[in-house]
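This structure is a prediction, so every number in the text was calculated from the model and none was measured. Throughout, a chain's letter reflects where its sequence line sits, starting with A, and its residues are numbered from 1.
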Protein chains: 2
Amino acid sequence: MTTPGRGLHGRVLDSLGPAITAGEYPPGSVLRTDELAKDFEVSRSVMREAVRVLESMHLVESRRRVGVTVRPKAEWNVYDPQVIRWRLAGADRPQQLRSLTVLRSAVEPIAAGLAAKFATAEQCAELTECAIGMVANSRGHKLEAYLVHDVAFHRVILAASGNEMFARLGDVVTEVLAGRTHHEVMFEDPDPAAVTLHVQVAEAVREGDAVRAETLTREITIGALHELDILAP
Amino acid sequence: MTTPGRGLHGRVLDSLGPAITAGEYPPGSVLRTDELAKDFEVSRSVMREAVRVLESMHLVESRRRVGVTVRPKAEWNVYDPQVIRWRLAGADRPQQLRSLTVLRSAVEPIAAGLAAKFATAEQCAELTECAIGMVANSRGHKLEAYLVHDVAFHRVILAASGNEMFARLGDVVTEVLAGRTHHEVMFEDPDPAAVTLHVQVAEAVREGDAVRAETLTREITIGALHELDILAP
DNA sequence: GTGACATATAAGTCTGACTTTTTGGTTCGG
DNA sequence: CCGAACCAAAAAGTCAGACTTATATGTCAC
């Protein structure tokens, strides 16, 4: 997704970040900078930069005379796309996928409602195109092509909401949808009802019907929750 | 809020971060590391660490032979608590407050619904205490005391939802509520109707009534939206 | 104009010496 | 026996300087 290994410290992070988020160094563990530098065969300056980044993500805390201690999971910056990617790649994957899906279920309906009010003509057109693309690839095991349009659809909705916080969740949704297609459920063609809902959301947004857009999107996210057995009924 | 000036690079960040988020260095501007190091009177290594942190927040991008370029706002990690604090402290404050309030309006009702299902007895007790504290300080210009309980109330809701992503929004909500009391509206005692709603939410959570908790919380957040003139009617 | 090549530039890396803070133990006095 | 003051070691923090590497840009031949 993001450029891997942008410099030496980047490669260290690609290795150390996942290790920490995976719990390989449990919270409370103490690391020493120059020991790490030796282990990773980099200079102290490079390792220090890596530690600084981990610190800015609240994954670790660096204190004099004690070392670099791993923070408890509850303090991590779980909205950092990098952290999300690391967790999705590791043992935390199921929990991460669940919590992100719940977040989606809260945000996307509201975003769709706002999109109905604020979407530009261009965004409406894009949305319709995406919906058409989804329909066109909804049968015959064309999951990859379907996914591309599905992802684009939700990104447009979030962007069209006009809310910068919502817009920035585009990457998150992308990861969740991609994860669902590639690793979890979805061996067969997507649920036809879900496809229809997307088409109808595009309609509602185009017509400026905020309430309908919100309600329909809520149905979509409820479906996503069901897929992960998060909802009871 | 967070420890200020944890080391030299921290002080550099406290100065450079707000400057960037405030648009003092507009997107596309190019900075040079050793020039910055000279300006801030720190060594290159310290400045490099600061730049690395800014880079991890997607505020800047560092490339060989060109320098450190400021990224467009749309790419910033706007969920980073540090970035949020910087923006709330600067010219972006109004927009930031609005977008965060919209985010709250999406998340908190869902969180309250989940809290009704998953809150522990202890959390229910805490919630009730908070509500009582709000009532007790709802009249007579005791805004500070009221705020403390209000903040605590919403933090408990988010934590009790059992969703880690929601829980981590506690800090954000704290900033928003504090900002509202200290800088924006709210010169007089809080709206009695809002106070009642909080009491009722505590009730609903205690009784495990998810739908009612969600609906009532939605009314609270709608009120918050109105205060910032985000909703039309 | 186009492509190959040279050059300057700014980030990236490494090393070693030095400073500062903090912790944990030790000693001394009550 | 306990507490306060003190001391020493440990680890992060800071700095300066030399060197490497990627790359944008300009130059020249064709």
| query | Whole-Å distance between D:dG13 P and B:L13 CG? | reply | 13 Å

| field | Nearest-Å distance for atom pair CD/P, residues A:E49 and C:dA11 | value | 12 Å

| query | Between A:R6 and C:dG12, is there a side-chain N or O to OP1/OP2 distance below 4.0 Å? | reply | no

| task | Counting heavy atoms from C-beta on, name the nucleotide in C:dC14, D:dC15, D:dG13 closest to the side chain of A:V46. | result | C:dC14

| task | Measure the distance from CG on A:L31 to P on D:dA10 and round it to the nearest whole Å. | result | 19 Å

| note | Rounded to the nearest 0.5 angstrom, the CG-CZ distance for A:N77 and B:R168 is 5.5 Å

| request: Identify which nucleotide among C:dA11, C:dT13, D:dA12 has an atom closest to any side-chain atom of B:S62, counting heavy atoms from C-beta outward. | output: C:dA11

| query | Rounding to a whole Å, what distance do you find between A:E41:CD and C:dT15:P? | reply | 12 Å

| field | Nucleotide nearest A:V42 when distance is taken to its side chain, options C:dC14, D:dA24, D:dA12 | value | C:dC14

| field | Salt bridge present between A:D150 and A:R180 (N-O < 4.0 angstrom) | value | yes

| said: Let me spell it out: for each of B:V51 and A:V66, pick the nucleotide of DNA chain C with the closest heavy atom. Which residue's pick is nearer the 5' end? | reply: B:V51

| Is B:R48 touching bases, backbone alone, or none of the nucleic acid, heavy atoms closer than 4.0 Å? | base

| query | How would you label the contact of B:S45 with the nucleic acid (heavy atoms, under 4.0 Å): base, sugar-phosphate, or nothing? | reply | base

| Which of these nucleotides, D:dA12, C:dA11, C:dT13, is closest to any side-chain atom of B:R32? | C:dA11

| request: For B:D34 and D:dG17, give me the distance from atom CG to atom C1', rounded to whole Å. | output: 13 Å

| task | Could you please name the option among D:dG13, D:dC15, D:dA9 that lies closest to any side-chain atom of A:R65? | result | D:dA9

| query | Within a radius of less than 6.0 Å around NZ of A:K38, do more than 12 heavy atoms belonging to other residues, nucleotides or ligands occur? | reply | no

| task | Give the rounded distance in Å between these two atoms: CG of A:L8 and P of C:dG12. | result | 11 Å

| task | To the nearest Å, give me how far apart CD (A:E61) and P (D:dA11) are. | result | 17 Å

| said: Does C:dA11 have its OP1 or OP2 closer than 4.0 Å to a side-chain nitrogen or oxygen of B:T33? | reply: yes

| query | Does A:R64 make a side-chain donor-acceptor contact with the base of C:dT20, cut-off 3.5 Å? | reply | yes

| request: Taking the six-membered ring for Trp and the single ring otherwise, decide whether the centroids of A:H149 and A:H154 are under 6.0 Å apart. | output: no

| B:M47 CE to C:dG12 C1', straight-line distance once rounded to whole Å | 16 Å

| Hey, does A:R44 reach any base, or is it just sugar-phosphate, or nothing, if we go heavy atoms under 4.0 Å? | base

| Below 4.5 Å, heavy atoms only, C-beta onward: do A:R104 and A:V173 meet side chain to side chain? | yes

